[in-house]
Amino acid sequence: MDKLIINGQKKLNGDVYISGAKNAALPILIASLLSKEELKLKNVPNLFDIKTTEKLLFAMGVEISKTDSSMTLIARDIKDLHATYDLVKTMRASILVLGPLLARFGSARVSLPGGCAIGSRPVDIHIKGLEAMGASIKIENGDIVASTSGLPEGKLVGAEISMSQVTVTGTENLMMAACLAKGKTKLKNSAKEPEVVDLGNCLIKMGAIIKGLGTDIITIEGVEELNGAEHSIIFDRIEAGTYMIAAAMTAGELRCIGIESGKMTSIINKLRETGVEIIESDNTVTVKSNGILKAVSIETSPFPGFPTDMQAQFMALNTIAEGVSEIKETIFENRFMHVQELIRMGADIEVNQNTAVVSGGKMLEGASVMATDLRASASLVLAALSAKGTTVIDRIYHLDRGYEDLEKKFNQIGAQIERVN
Ligand code: EPZ
């Protein structure tokens, strides 16, 4: 299993180019199932989860061709409407094939995603929404088996759906299903994340009729079929936020290039509160830090609030920043797996249910630690970059799921990271 060896306390200076967003690319690749024509994508990040999605779509019969970060997908002859357990268990986002397969082919069998390190992560809202559109859904041998055979012309029917919680992939699944349903669908309490908006913009280019993207009510007017399109994936605001915190924690000066800062307001505002200087220009955000940081409390919430995917990274910053801070995780029930590992490096953190109290001002020390989930791994990298001495991070396949060329990008700006297996 690969490990990262990181020698800490190197100031990070220079330019880092931000890749396409994992959480926009995954649903957009899967949206190719909705049309028999070519979907041409640019700025697709080279990540393990993207490879898993390609495997899943290829197994169904989607023709895929790739050059660097461009990808073309054609779902002309789909022969297999089944997302098997061995693929779904490695990537929960596979649940996103359910809506498109039902909408276009009237049938789907998708392994019920299990829980994961950060929580139980049910998909009840996805299922309730598809049933509201007329699908008949049952659970059989661990699979979600869905069909529209009982419906006129076997087509989903538009419906008014109020989602009981803000769910990113729930909104995406139902929005994709509604594109080919008969009539109008209204999704209430929709997710407003930029990645959901990017998917919606791509669907509109394919011929979908969608209004209200970025608000909590999205309406979709079903159409007969969707066409091909060309689309460039939005930048990854979580990757960008991770590099910004790295600069803050190493008293560096970093230009993050390829960013729309208006989509990172909550992250930028919280970082400014720690005392770092942040300069926003058209597609670049520059972070300057003198290494003197003030601890800042955060509470995660759906967009435009502070993203749960940045919680672990910000906690790493608070462990070395001056003062006591509170970190409240409101989205997932078990997203503090990084706490014990940070404590091994000298952090002072106490967890009480979904709140962590961080007593900062510590000088972290290198240690052997273990990654448990994608963003927890990122927080360990950040801690290691600022720690005295050497850190060894095990099980870094988690990192490869969501960070393209991580050690290459960090070493180009002054870090000392080596990958060993
Ligand atoms: C997406 O996960 C992201 N993944 C996650 O990113 C991200 O942390 C999360 O949204 C929140 O922003 C992708 O987009 C591929 P949710 P998702 O449905 O859609 C509950 C990363 O690190 N819920 O918005 O699975 C759920 O339990 C990953 O890149 C239900 O109860 O998250 C959670 O408490 C990690 N029933 C809350 O809603 C449902 O049917 C939000 O989950 C669906 C969700």
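Start at 1 with the first residue, then count along the sequence. We count ligands from 1, going down the list as the structure has it; atoms in each ligand are counted the same way.
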- [ ] Answer with side chain, backbone, both or neither: which part of E329 has a heavy atom less than 4.0 angstrom from an atom of ligand 1?
- [x] neither

TODO: Could you tell me whether I238 approaches ligand 1 through its side chain, its backbone, both or neither, with non-hydrogen atoms closer than 4.0 Å?
DONE: neither

TODO: Output yes when a side-chain donor or acceptor of Q311 lies under 3.5 Å from a complementary backbone atom of R335, and no otherwise.
DONE: yes

TODO: Show which atoms of ligand 1 fall inside a sub-4.0 Å distance from at least one heavy-atom site of H126.
DONE: 40 (O)

TODO: Would you mind checking which non-hydrogen protein atom is closest to atom 20 (C) of ligand 1, with the distance to 0.1 Å?
DONE: Q165 NE2, 3.0 Å

Task: Distance-only N or O hit between ligand 1 and T167, under 3.5 Å - done: yes

- [ ] Give the numbers and elements of all ligand 1 atoms closer than 4.0 Å to a heavy atom of R335.
- [x] 8 (O), 22 (O), 35 (C)

Open item on the list: For the OG1 atom of T308 and the CD atom of E329, what is their distance to the nearest 0.5 Å?
Closed with: 3.5 Å

Task: Within-shell test, V166 vs ligand 1, heavy atom, strictly < 4.0 Å - done: yes

Task: Numbering as shown, the atoms of ligand 1 that approach V123 to under 4.0 Å (heavy-atom distance) - done: 39 (C), 40 (O)

Task: Side-chain donor or acceptor of T52 paired with backbone N/O of F48 under 3.5 Å - done: yes

Open item on the list: If the cut-off is 4.0 Å to any non-hydrogen atom of R375, which atoms of ligand 1 fall inside it?
Closed with: 21 (C), 22 (O), 29 (O)

Open item on the list: I need the nearest protein heavy-atom contact for atom 25 (O) of ligand 1: residue, atom name and distance, please.
Closed with: R121 NH2, 3.0 Å

TODO: For R375 and Y403, test the side chains for any donor-to-acceptor distance below 3.5 angstrom and give the result as yes or no.
DONE: yes

TODO: Could you list the atoms of ligand 1 found under 4.0 angstrom from a heavy atom of K22?
DONE: 21 (C), 29 (O)

Task: Euclidean distance, D236 CG relative to K22 NZ, rounded to 0.5 Å - done: 8.0 Å

Open item on the list: Main chain of M249, side chain of S386: is a donor-acceptor contact present, judged purely on distance under 3.5 Å?
Closed with: no

Task: Any N or O of A93 closer than 3.5 Å to N or O of ligand 1 - done: no

Open item on the list: Counting non-hydrogen protein atoms only, what is the nearest one to atom 3 (C) of ligand 1? Give residue, atom name and distance.
Closed with: N23 ND2, 3.6 Å

TODO: Tell me, please: is M91 in heavy-atom contact with ligand 1, that is, under 4.0 Å?
DONE: no

Task: ligand 1 atoms in contact with T308 (distance to a heavy atom under 4.0 Å) - done: 8 (O), 11 (C), 12 (O)

Task: Carboxylate-amine/guanidinium proximity below 4.0 Å for K263 and D198 - done: no

Task: Which residue and heavy atom of the protein sit nearest atom 36 (N) of ligand 1, plus the separation - done: D124 OD1, 2.7 Å

- [ ] Say whether L374, considering both its backbone and side-chain N or O atoms, lies within less than 3.5 Å of an N or O atom on ligand 1.
- [x] no

Open item on the list: Using the rule side chain to side chain contact (heavy atoms under 4.5 Å, CB included), only one of T53, T169, L199 pairs with L96; which is it?
Closed with: T169

Open item on the list: How far is atom 19 (O) of ligand 1 from the closest protein heavy atom, and which atom is that?
Closed with: T169 OG1, 2.6 Å

TODO: Could you tell me the residue and atom name of the protein heavy atom closest to atom 24 (O) of ligand 1, and the distance to it rounded to 0.1 Å?
DONE: V168 N, 2.8 Å

Task: K3, NZ: over 12 other non-hydrogen atoms inside 6.0 angstrom - done: no

Open item on the list: Side chains of T242 and Q313: any donor to acceptor distance under 3.5 Å?
Closed with: yes

Open item on the list: Within a 6.0 Å radius of atom CG on D86, are there more than 12 heavy atoms belonging to other residues, nucleotides or ligands?
Closed with: yes

Open item on the list: Quick one, P100 and N173 - any side-chain contact, counting heavy atoms below 4.5 Å?
Closed with: yes

Task: Y85 atom OH, over 12 foreign heavy atoms within 6.0 Å - done: no

- [ ] Pull out every atom of ligand 1 sitting under 4.0 Å from any heavy atom of I331, numbered as shown with elements.
- [x] 33 (C), 34 (O), 41 (C)

Open item on the list: Can you see whether K205 engages N227 through a side-chain donor-acceptor pair at a distance of less than 3.5 angstrom?
Closed with: no

Open item on the list: Return the closest protein heavy atom for atom 43 (C) of ligand 1 as residue, atom name and distance.
Closed with: P122 O, 3.3 Å

Task: Identity and distance of the protein heavy atom lying nearest atom 32 (O) of ligand 1 - done: F332 CZ, 3.9 Å

Open item on the list: Looking only at distances, can you tell me whether any N or O atom of D309, backbone or side chain, sits closer than 3.5 Å to an N or O atom of ligand 1?
Closed with: yes

